[in-house]
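A, B, ... follow the sequence lines: proteins, then strands. Residue 1 opens every chain.
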Number of protein chains: 2
Amino acid sequence: MAATIRDVAKAASVSKSTAAYILSSSPNFQTLPETRKKVLEAAQALGYRRNAIAVALSSGQINAIGVFLPLQMGDHEKGRSLLYFKEVLAAVAGAAARRNLRIMPILVDQSRTLTGQDLSDQWVDRLIVTFPASPETFAALEAANLPCVGFGSASGRHTVEADNRGGAAAAIDYLVSLGHQRILHYSHDPGSTANHQRREGFLAAMDRHGLTVSAKQAIIPDNRRDELRRRFGLPPGERPTAVFAYADAYAVQVMDIAHDAGLRVPQDISVIGFDDGAVAVLTRPKLTTVVNPLETMADACLDLLAALHRGEEPPAGPLIPTTLTIRDSTAPAPP
Amino acid sequence: MAATIRDVAKAASVSKSTAAYILSSSPNFQTLPETRKKVLEAAQALGYRRNAIAVALSSGQINAIGVFLPLQMGDHEKGRSLLYFKEVLAAVAGAAARRNLRIMPILVDQSRTLTGQDLSDQWVDRLIVTFPASPETFAALEAANLPCVGFGSASGRHTVEADNRGGAAAAIDYLVSLGHQRILHYSHDPGSTANHQRREGFLAAMDRHGLTVSAKQAIIPDNRRDELRRRFGLPPGERPTAVFAYADAYAVQVMDIAHDAGLRVPQDISVIGFDDGAVAVLTRPKLTTVVNPLETMADACLDLLAALHRGEEPPAGPLIPTTLTIRDSTAPAPP
DNA sequence: TTGTATGCGTTATCAG
DNA sequence: CTGATAACGCATACAA
């Protein structure tokens, strides 16, 4: 058993409260130097570390954040496609470390509705949900009465979102500035909130540039790869010259399919992604992509949670700005 | 404030103990059905959820694992190169979820010696260290008297390691079976334990196949990329025909450099990695690589920690077997 | 400055 | 089968 404050007090021959006072207060509190020294030395000798559980119970402060993540993230095979969540977790962990907050990743089966029990078993006093959970789940979270904010494409009462529309628009603007006109959007289906927003941004930007197209014509869902292949096989004058992919991982697919079709990236076709995750610099050519600012989002998320935890009811947070990082997968449109 | 067991007891007009007894025991415990019903209904009505903190304090059971990770993992730019740790964290999180254990990622500055304070004051009752920490750090951890095991290339009293030597040997065996003879090892310098083990496996396997080479000749550290470029520029008869990279991320570098040198992978040169992380299926061609079985390692790690926590002193765990996954970055040696 | 008493929400050990 | 009482380790009044 670890040493308790009582052991320390006994060893220093003072009362528990005295020991507690000295051990818990800042070093420049007023106290008899000799008493302080005795206590500190005893604590040192006994290897005393305060019991955070007891502190939490007594003070009512937990200061730990539960982070809900898809269960499959921990799966070797399936986890591959869920790199995004690992990066989210890392970003949240980093932000929490900067604030001396604890985090607790909680892996849950996405298909299952969370119950209050799932929460109460955890030692957290606020929550981050990173994926689109069911309304029932959110109801349970509300009922649990824990501050809870959705990260990215999660739905819910409070959310922190990137400017997906703006990011998509910036991508299209850039492509248009390079002379591209036949631009496709390669997307995930069915999509999350972020997915829809990027799609809207794409369509709006195309419209703005007078490149109006029907969504059906310009948006290829990832379950229709054959259609993408077919488009890539069209003669140069009809073939798309650029593809804006929903996410980096999808951009990789696009590059693969383009390569298989005998097209060179970026000479024959430009590809642009979204996220700027680890993959973005691993592909060849390196990926031009919209930065999904996970770090900034994590910071905003924790700030929002802190406010909620203090009992404030902050307004809907502003969108986190996205920026375009230009690398090597984009080039001027072929003549 | 959430409802406590006392509120439930009062509402059901029984004593706290009775309520606790009914609420905490399995449903088929013997108790008067009507009392049970009263209590359960009251609990339901009040939205009672037991306080996990109080449970922990009272029972003395924490069942939470601290996972030490490099601080930079949460950094957008630097985090890119630390994908490995994100995958480790995900694997540990998955394994913990299967066992109903809580985990707490703790991001620490690698260069700093850890103190008892970093243990988040007893929020956890066992530890995983995922990177090579300093001896002083391990001493502090020992002093904290918490079961602690190193994951992968971490050093320490207890560790769970993959069969790095065997994996490296399997890679070389496979290359040799494809007719390769001039094989390089592209490695990280200075290296971790895993690094050294893979290097040893490489050298031993080369020896075994009668391809004895000096380490200086056959091992290129990643801070000497120019040397790798030079080798790739040699005439076909002297040029290496295969490279075994220390890790997938390094295999990507090798492929890039090979590509820049005008070599085709795998026709002109075969590349083989280590880890089988998410990147392995994102590269083009897809990477042949040794599987670093993070999931299995995480399981072993938690088992070992559980044993230590029970007070057992288990023998050094066996190496976790590695396997080779053959994809598209390897081919028979050019004639 | 230091000691005493009480409470946090639960479990566990006893009596009744 | 139920109820009272004492821990668990600490914080927070309050009193000395």
Side-chain angles (χ1 to χ4, degrees), chain A residues 1-40 42-43 46-63 116-117 119-125 144-145, chain B residues 1-40 42-43 46-63 116 119-125 145:
Chain A
M1 207 55 198
T4 77
I5 200 167
R6 256 202 291 271
D7 301 325
V8 175
K10 204 185 299 172
S13 43
V14 297
S15 78
K16 305 149 217 173
S17 350
T18 305
Y21 184 63
I22 292 178
L23 288 170
S24 67
S25 59
S26 61
N28 39 16
F29 240 58
Q30 291 296 355
T31 168
L32 276 188
E34 101 186 312
T35 313
R36 155 175 300 268
K37 185 159 169 255
K38 264 197 310 189
V39 171
L40 257 32
L46 276 67
Y48 169 78
R49 285 167 300 124
R50 74 216 272 199
N51 184 325
I53 303 285
V55 173
L57 182 60
S58 179
S59 68
Q61 293 295 335
I62 308 217
N63 288 336
Q117 194 56 42
L119 302 176
S120 55
D121 285 342
Q122 312 298 154
W123 299 337
V124 299
D125 59 2
N145 204 28
Chain B
M1 206 56 196
T4 79
I5 200 166
R6 252 198 297 266
D7 302 324
V8 175
K10 204 185 299 172
S13 43
V14 297
S15 76
K16 307 159 222 173
S17 338
T18 305
Y21 183 64
I22 291 177
L23 287 170
S24 68
S25 58
S26 59
N28 38 17
F29 240 61
Q30 291 295 357
T31 169
L32 274 189
E34 97 186 318
T35 313
R36 155 176 298 270
K37 186 158 167 259
K38 263 196 310 188
V39 171
L40 258 33
L46 275 68
Y48 169 77
R49 288 167 297 123
R50 74 216 266 185
N51 183 323
I53 302 282
V55 172
L57 180 61
S58 180
S59 69
Q61 294 296 333
I62 309 227
N63 289 335
L119 306 182
S120 298
D121 304 302
Q122 290 276 45
W123 270 106
V124 298
D125 60 1
N145 202 29

A:Lys38 NZ to C:dT1 C1': how many Å, rounded? 13 Å
Look up atom CD1 in B:Ile5 and atom CG in B:Leu46, then write down how far apart they are to the nearest 0.5 Å. 12.0 Å
Within the pair A:Thr35 and C:dT2, is there a side-chain N or O less than 4.0 Å away from OP1 or OP2? yes
Can you find a heavy atom in the side chain of B:Thr4 that is under 4.5 Å from one in the side chain of B:Asn51? no
Is A:Leu57 touching bases, backbone alone, or none of the nucleic acid, heavy atoms closer than 4.0 Å? base
Nearest heavy-atom contact between B:Ile62 and B:Trp123 is CG2-O, 3.4 Å
d(CD1, B:Ile53; P, D:dC10) in whole Å: 14 Å
Please report, rounded to the nearest Å, how far the C1' atom of D:dC10 is from the CG atom of A:Asp7. 13 Å
Whole-Å distance separating the CG atom of B:Asn51 from the P atom of C:dG7: 18 Å
For B:Lys16 and A:Val55, find the nucleotide of DNA chain D closest to each by heavy atoms; which residue's nucleotide sits nearer the 5' end? B:Lys16
Output yes when at least one side-chain N/O atom of A:Arg6 is less than 4.0 Å from OP1 or OP2 of D:dC8, else no. yes
Distance check needed: C:dT10 P versus A:Trp123 CH2, whole Å only. 15 Å
Are OP1 or OP2 of D:dG3 and a side-chain N or O of B:Ser15 less than 4.0 angstrom apart? yes
Between A:Arg50 and D:dA11, is there a side-chain N or O to OP1/OP2 distance below 4.0 Å? yes
Kindly indicate whether the side chain of A:Arg50, heavy atoms from C-beta on, has any atom under 4.5 Å from the side chain of A:Val55. yes
Specify the separation, in whole Å, of atom CD1 of B:Ile22 and atom C1' of C:dA12. 17 Å
Closer to the 5' end of DNA chain D via nearest nucleotide, is it B:Val14 or A:Ala54? B:Val14
Tell me: CZ of B:Arg49 to C1' of C:dT10, nearest whole Å? 15 Å
A:Ser59 side chain N/O closer than 4.0 Å to the phosphate oxygens (OP1, OP2) of D:dA11? no
Is there, by distance only and without an angle test, a donor paired with an acceptor across the side chain of B:Ser58 and the base of C:dT10 below 3.5 Å? yes
Whole-Å distance separating the CD1 atom of B:Ile62 from the P atom of D:dC10: 11 Å
What's the separation between atom NZ in A:Lys37 and atom CD1 in A:Ile22, rounded to the nearest 0.5 Å? 13.0 Å
Counting only side-chain nitrogens and oxygens, does B:Tyr21 get under 4.0 Å of the OP1 or OP2 atom of C:dC14? no
